[in-house]
*Asks:* 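Have a look at this one.
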Amino acid sequence: MASRLQQLQSRAVEVSKFVSKHGCAYYKDLLEKNKQYIVQPPTIEKCQELSKQLFYTRLASIPGRCESFWKEFDAVKHIWRNRNDLKIEDAGIAALFGLELYAWFCVGEIVGRGCTFTGYYV
């Protein structure tokens, strides 16, 4: 166990040295590759303006999202009405999809509890 800890510590030291040596070059390279997305001048006021633009753009997209939701809902209603024509394969895919949703829900619950299976820390 102690040797495992020493291995982890030495690896952490190596990574730390690598980041301190090459971190600035990576940062500069990243900014250079993505300079078309950088707003000049990068000020607090510009950031606030961009956050407002993002907020109101998302707000403006709500009607389109509602329309998409109702189209999907109508498709589900149509499938439900014609459930006698439903193939086994389609029902199996829907069941697997529901199972996957439930699994992701359980993972979210576990992560939300602090990665414990038994319950919340009290």
Side-chain angles (χ1 to χ4, degrees):
M1 184 70 179
S3 65
R4 179 87 172 153
L5 183 61
Q6 286 177 338
Q7 288 175 345
L8 286 172
Q9 286 176 339
S10 65
R11 184 68 180 151
V13 168
E14 288 176 29
V15 169
S16 172
K17 287 179 182 177
F18 179 81
V19 167
S20 65
K21 195 179 282 186
H22 302 290
C24 286
Y26 174 75
Y27 176 74
K28 288 178 183 176
D29 186 45
L30 183 68
L31 287 181
E32 185 62 33
K33 286 181 182 176
N34 296 300
K35 67 182 173 184
Q36 72 269 18
Y37 302 115
I38 299 173
V39 176
Q40 294 296 336
T43 61
I44 293 174
E45 291 81 19
K46 201 63 166 167
C47 290
Q48 290 172 341
E49 179 186 344
L50 288 172
S51 69
K52 282 184 182 180
Q53 286 177 348
L54 176 63
F55 174 75
Y56 287 109
T57 301
R58 298 250 180 183
L59 197 62
S61 72
I62 289 176
R65 292 178 187 195
C66 288
E67 183 180 330
S68 297
F69 169 77
W70 288 115
K71 283 182 184 177
E72 290 289 329
F73 187 69
D74 289 338
V76 169
K77 284 194 311 188
H78 177 71
I79 290 172
W80 184 253
R81 279 190 214 120
N82 300 327
R83 63 184 175 271
N84 295 334
D85 300 335
L86 194 62
K87 295 183 226 170
I88 296 292
E89 296 143 3
D90 295 334
I93 289 172
L96 285 175
F97 180 71
L99 186 65
E100 182 182 0
L101 285 177
Y102 179 71
W104 281 112
F105 169 77
C106 291
V107 167
E109 284 291 309
I110 291 169
V111 169
R113 281 188 237 132
C115 296
T116 63
F117 291 102
T118 55
Y120 296 97
Y121 293 120
V122 214

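All values derive from a computational prediction rather than experimental measurement.
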*Asks:* Excluding sequence neighbours, so at least two apart, what forms salt bridge (charged side-chain N to carboxylate O under 4.0 Å, His left out) with D90?
*Replies:*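 For D90, no residue satisfies salt bridge (charged side-chain N to carboxylate O under 4.0 Å, His left out) once neighbours in sequence are set aside.
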*Asks:* Please write out which residues are connected to I44 in a hydrophobic cluster, directly or through intermediates, given that two of Ile, Leu, Val, Met, Phe, Trp, Tyr count as joined at side-chain heavy-atom separations below 4.5 angstrom.
*Replies:*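 Members other than I44 - counting any ILVMFWY side chain reachable under 4.5 Å - there are none.
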*Asks:* Rounded to the nearest 0.5 Å, what's the gap from CD1 on I88 to CD1 on I93? Could you check?
*Replies:*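 The CD1 atom of I88 sits 12.0 Å away from the CD1 atom of I93.
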*Asks:* Could you grab the distance from atom CG of L54 to atom CG of L59, nearest 0.5 Å is fine?
*Replies:*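 Here the rounded value is 11.0 Å.
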*Asks:* To the nearest 0.5 Å, what is the distance between CD on E45 and CG on L50?
*Replies:*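 Separation between the atoms: 12.0 Å.
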*Asks:* Can you tell me how far CG of L86 sits from CD1 of I79, rounded to the nearest 0.5 angstrom?
*Replies:*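 It comes to 7.5 Å.
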*Asks:* If you draw a 6.0 Å radius around CD in E89, do more than 12 non-hydrogen atoms from other residues or ligands fall strictly inside?
*Replies:*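 Count not over threshold, so no.
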*Asks:* First locate atom CG of L96, then atom CG of L101, and finally report the distance between them rounded to the nearest 0.5 Å.
*Replies:*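 Rounded to the nearest 0.5 Å, the CG-CG separation comes to 11.0 Å.
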*Asks:* Who pairs with N82 by side-chain contact (heavy atoms from CB on, under 4.5 Å), at least two apart in sequence or on another chain?
*Replies:*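 Testing N82 for side-chain contact (heavy atoms from CB on, under 4.5 Å), a comparison that skips the adjacent residues, returns H78, D85.
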*Asks:* Which pair of heavy atoms, one from K17 and one from S20, lies closest together, and at what distance?
*Replies:*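 Heavy atoms only, the tightest pair is O-OG, 2.9 Å.
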*Asks:* Is a side-chain donor or acceptor of S16 paired with a backbone partner of A12 at a separation under 3.5 angstrom?
*Replies:*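 No: the side chain of S16 does not pair with the backbone of A12.
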*Asks:* Would you find more than 12 non-hydrogen atoms of other residues, nucleotides or ligands less than 6.0 Å from L30 atom CG?
*Replies:*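 Enclosed: over 12 neighbouring heavy atoms sit under 6.0 Å from CG of L30.
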*Asks:* Taking only residues two or more places apart in sequence or in another chain, which ones pass salt bridge (charged side-chain N to carboxylate O under 4.0 Å, His left out) with K21?
*Replies:*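 Applying salt bridge (charged side-chain N to carboxylate O under 4.0 Å, His left out) to K21 gives none.
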*Asks:* Mind checking salt bridge (charged side-chain N to carboxylate O under 4.0 Å, His left out) for K52 and listing every partner two or more places apart, or none if nothing turns up?
*Replies:*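 Residues passing salt bridge (charged side-chain N to carboxylate O under 4.0 Å, His left out) with K52: none at all.
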*Asks:* How does the hydrophobic cluster around V107 look, that is, which other residues are in it when side-chain heavy atoms under 4.5 Å mark a link?
*Replies:*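 Reading the cluster by chain and number, V107 sits alongside W104, V111.
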*Asks:* With a cutoff of under 4.5 Å between side-chain heavy atoms, which Ile, Leu, Val, Met, Phe, Trp and Tyr residues group with W70?
*Replies:*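 Reading the cluster by chain and number, W70 sits alongside F69, F73.
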*Asks:* Can you list the residues that meet the side-chain hydrogen bond (donor to acceptor under 3.5 Å, both in side chains) rule with K35, with sequence neighbours excluded?
*Replies:*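 side-chain hydrogen bond (donor to acceptor under 3.5 Å, both in side chains) check on K35 returns E32.
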*Asks:* Do other residues, nucleotides or ligands put more than 12 heavy atoms under 6.0 Å from E14 CD?
*Replies:*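 Correct, the count exceeds 12.
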*Asks:* Take atom CZ in R83; do more than 12 heavy atoms of anything else shown fall under 6.0 Å from it?
*Replies:*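 Yes.
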*Asks:* Can you pull the salt bridge (charged side-chain N to carboxylate O under 4.0 Å, His left out) pairs that have at least one residue in residues 91-106, sequence neighbours excluded?
*Replies:*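 Residue pairs with at least one partner in residues 91-106: there are none.
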*Asks:* To which residues is Y102 joined in a hydrophobic cluster, defined by side-chain heavy-atom contacts under 4.5 Å among Ile, Leu, Val, Met, Phe, Trp and Tyr, whether direct or through other members?
*Replies:*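 Taking Ile, Leu, Val, Met, Phe, Trp and Tyr as members, Y102 shares its hydrophobic cluster with F105.
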*Asks:* Can you tell me which residue pairs pass the ring pair (Phe, Tyr, Trp, His ring centres under 6.0 Å) test with a partner in residues 20-67, sequence neighbours excluded?
*Replies:*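 Qualifying pairs: F18-H22.
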*Asks:* Would the number of heavy atoms belonging to other residues, nucleotides or ligands and lying under 6.0 Å from CZ of R65 be above 12?
*Replies:*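 For R65, atom CZ is crowded (more than 12 foreign heavy atoms under 6.0 Å).
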*Asks:* Run the salt bridge (charged side-chain N to carboxylate O under 4.0 Å, His left out) test against E67 and tell me which residues pass, sequence neighbours left out.
*Replies:*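 Result, salt bridge (charged side-chain N to carboxylate O under 4.0 Å, His left out) vs E67: K71.
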